[in-house]
Amino acid sequence: MKKAKIIFWTTTILIFLFEGVMPALTSQTELAKEGIRHLGYPEYFGNALVVFKVLGVLALVIPQVPKNVKEWAYAGFGFDFIFASISHFAVDGFNFQSFFPLIILLILAISYIYYHKIERYKNIAL
């Protein structure tokens, strides 16, 4: 069980940093705004995305958040990473930036799998 918790928290903290802290700190920079424009999205979309990312990572890291809210957060991030990858493929073609969201999706999937392993163990222990 200790190994499962270490894997869960490591992957979840990576998601927290990449999808919560980093966007919150950099979303108003010119580079971030240009990145959103480059993909063809309006600036307000980037702002909304940051708000939902911050709410999503908080849902993942706060233990008291209900399970169904965590499920929605995992699903939202899954869609976000898939569509980010599609956007980059459509605009930039095949390059590292196009595959990077899929790498983060893999980290998210590991977090999700280990979240459920820990939850199953809690239910068995009851």
Side-chain angles (χ1 to χ4, degrees):
M1 178 44 77
K2 186 175 179 179
K3 176 186 167 188
K5 285 184 177 183
I6 290 170
I7 293 171
F8 166 74
W9 280 111
T10 301
T11 55
T12 304
I13 293 301
L14 285 172
I15 296 297
F16 176 79
L17 293 172
F18 273 114
E19 295 303 312
V21 174
M22 197 165 62
L25 295 177
T26 63
S27 66
Q28 296 306 308
T29 64
E30 234 2 87
L31 184 62
K33 291 176 182 179
E34 178 53 36
I36 291 291
R37 278 191 295 265
H38 171 72
L39 293 174
Y41 297 112
E43 191 173 319
Y44 66 82
F45 180 76
N47 295 332
L49 200 56
V50 169
V51 170
F52 285 110
K53 284 181 175 194
V54 170
L55 291 173
V57 295
L58 290 175
L60 296 183
V61 299
I62 297 173
Q64 293 81 5
V65 171
K67 293 175 191 172
N68 60 335
V69 175
K70 288 185 186 286
E71 291 288 335
W72 278 94
Y74 276 115
F77 281 119
F79 290 126
D80 175 49
F81 301 143
I82 290 167
F83 287 116
S85 189
I86 290 170
S87 293
H88 283 287
F89 281 127
V91 173
D92 301 324
F94 288 88
N95 59 27
F96 178 74
Q97 198 165 354
S98 301
F99 284 100
F100 188 72
L102 299 177
I103 295 168
I104 303 299
L105 178 63
L106 178 63
I107 294 170
L108 180 76
I110 294 167
S111 171
Y112 181 78
I113 289 165
Y114 278 88
Y115 166 70
H116 281 286
K117 282 186 180 188
I118 292 167
E119 286 299 310
R120 269 195 308 276
Y121 181 78
K122 283 182 189 175
N123 291 336
I124 292 170
L126 295 175

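Small disclaimer: the values here were computed from a predicted structure and weren't measured.
Taking 4.5 Å as the limit, every side-chain heavy atom of Ile110 sits out of range of all side-chain heavy atoms of Tyr115. Residues Thr29 and Glu34 are not in side-chain contact: their nearest non-hydrogen atoms beyond the backbone lie 4.5 Å or more apart. Contact annotation: the side chain of Asp80 approaches that of Leu49 to within less than 4.5 Å [non-hydrogen atoms, C-beta and beyond]. With contacts defined as side-chain heavy-atom distances shorter than 4.5 Å, the pair Lys53/Phe77 qualifies. Val91 places a side-chain heavy atom less than 4.5 Å from the side chain of His38. Within the 4.5 Å cutoff, the side chain of Phe8 has no heavy atoms near those of the Lys5 side chain.
Considering only residues two or more places apart in sequence or on other chains, Ala84 meets the side chain to side chain contact (heavy atoms under 4.5 Å, CB included) condition with Pro101. In terms of the salt bridge (Lys or Arg N to Asp or Glu O under 4.0 Å) criterion, residue partners of Lys33 (sequence neighbours excluded) are, by chain and number, Glu43. Residues that satisfy the side chain to side chain contact (heavy atoms under 4.5 Å, CB included) test with Tyr41, not counting sequence neighbours, are Ile36, Leu39, Phe45, Ser87. For Lys2, there are no salt bridge (Lys or Arg N to Asp or Glu O under 4.0 Å) partners, not counting sequence neighbours.
Considering CD1 of Ile6 and CE of Met1, their distance stands at 11.5 Å, rounded to 0.5 Å. In this structure, the separation between CZ on Phe79 and CG on Leu105 is 11.0 Å, given to the nearest 0.5 Å. In this structure, Gln28 CD and Asn47 CG are separated by 5.0 Å, a value rounded to the nearest 0.5 Å. Rounding to the nearest 0.5 Å gives a distance of 10.5 Å between CG of Leu60 and CD of Glu19. We find the CD1-CD1 distance between Ile118 and Ile7 to be 9.0 Å, quoted to the nearest 0.5 Å. To the nearest 0.5 angstrom, Ile107 atom CD1 is 12.5 Å from Ile13 atom CD1.
A donor-acceptor pair shorter than 3.5 Å can be found between the side chains of Tyr74 and Ser111.
Residues Gly78 and Leu108 approach most closely at N-CD2, 3.6 Å, considering heavy atoms. The two residues Thr26 and Ala32 make their nearest non-hydrogen contact at O-CB, 3.3 Å.
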The test is side chain to side chain contact (heavy atoms under 4.5 Å, CB included); show your working for Phe16 and Val21 and say whether it passes. CA-CA 7 Å; Phe16 176 79; Val21 174; 3.4 Å; yes

Assess the residue pair Ile15 and Val61 against the criterion (side chain to side chain contact (heavy atoms under 4.5 Å, CB included)); give the C-alpha distance rounded to whole Å, side-chain angles, the decisive distance to 0.1 Å, and a yes or no. CA-CA 10 Å; Ile15 296 297; Val61 299; over 6 Å; no

Starting from the C-alpha separation in whole Å, work towards a yes-or-no answer on side chain to side chain contact (heavy atoms under 4.5 Å, CB included) for Leu102 and Phe81. CA-CA 6 Å; Leu102 299 177; Phe81 301 143; 5.8 Å; no

Val65 vs Ile62, test: side chain to side chain contact (heavy atoms under 4.5 Å, CB included). Steps then yes/no. CA-CA 6 Å; Val65 171; Ile62 297 173; 3.7 Å; yes

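In this structure, Leu14 is a member of the same hydrophobic cluster as Ile82, with clusters built from ILVMFWY side-chain heavy atoms closer than 4.5 Å. Placement of Tyr44 and Leu31 in two distinct hydrophobic clusters is found when ILVMFWY residues are connected by side-chain heavy-atom separations under 4.5 Å, directly or transitively. Note: the hydrophobic cluster containing Trp9 also contains Leu17 (ILVMFWY, side chain heavy atoms under 4.5 Å, direct or indirect links). No path of Ile, Leu, Val, Met, Phe, Trp and Tyr side chains, each step under 4.5 Å between heavy atoms, connects Val54 with Val51, placing them in separate hydrophobic clusters. By the rule that hydrophobic residues join a cluster once side-chain heavy atoms approach within less than 4.5 Å of another member, Tyr121 and Tyr112 end up as members of one cluster.
When atom types are taken as modelled, the side chain of Ser85 and the backbone of Phe99 share no donor-acceptor pair closer than 3.5 angstrom. Side-chain atoms of Lys70 come within 3.5 Å of backbone N or O of Ala59 as a donor-acceptor pair. In this structure, Ser98 contributes its side chain and Phe94 its backbone to no donor-acceptor pair below 3.5 Å.
Around CZ of Phe18, the count of heavy atoms belonging to other residues, nucleotides or ligands within 6.0 Å does not exceed 12.
Among residues at least two apart or in separate chains, there is no salt bridge (charged side-chain N to carboxylate O under 4.0 Å, His left out) pair with a member in residues 93-103.
Side-chain contacts under 4.5 Å among hydrophobic residues (ILVMFWY), followed directly or transitively, place Trp72 with no other residue at all.
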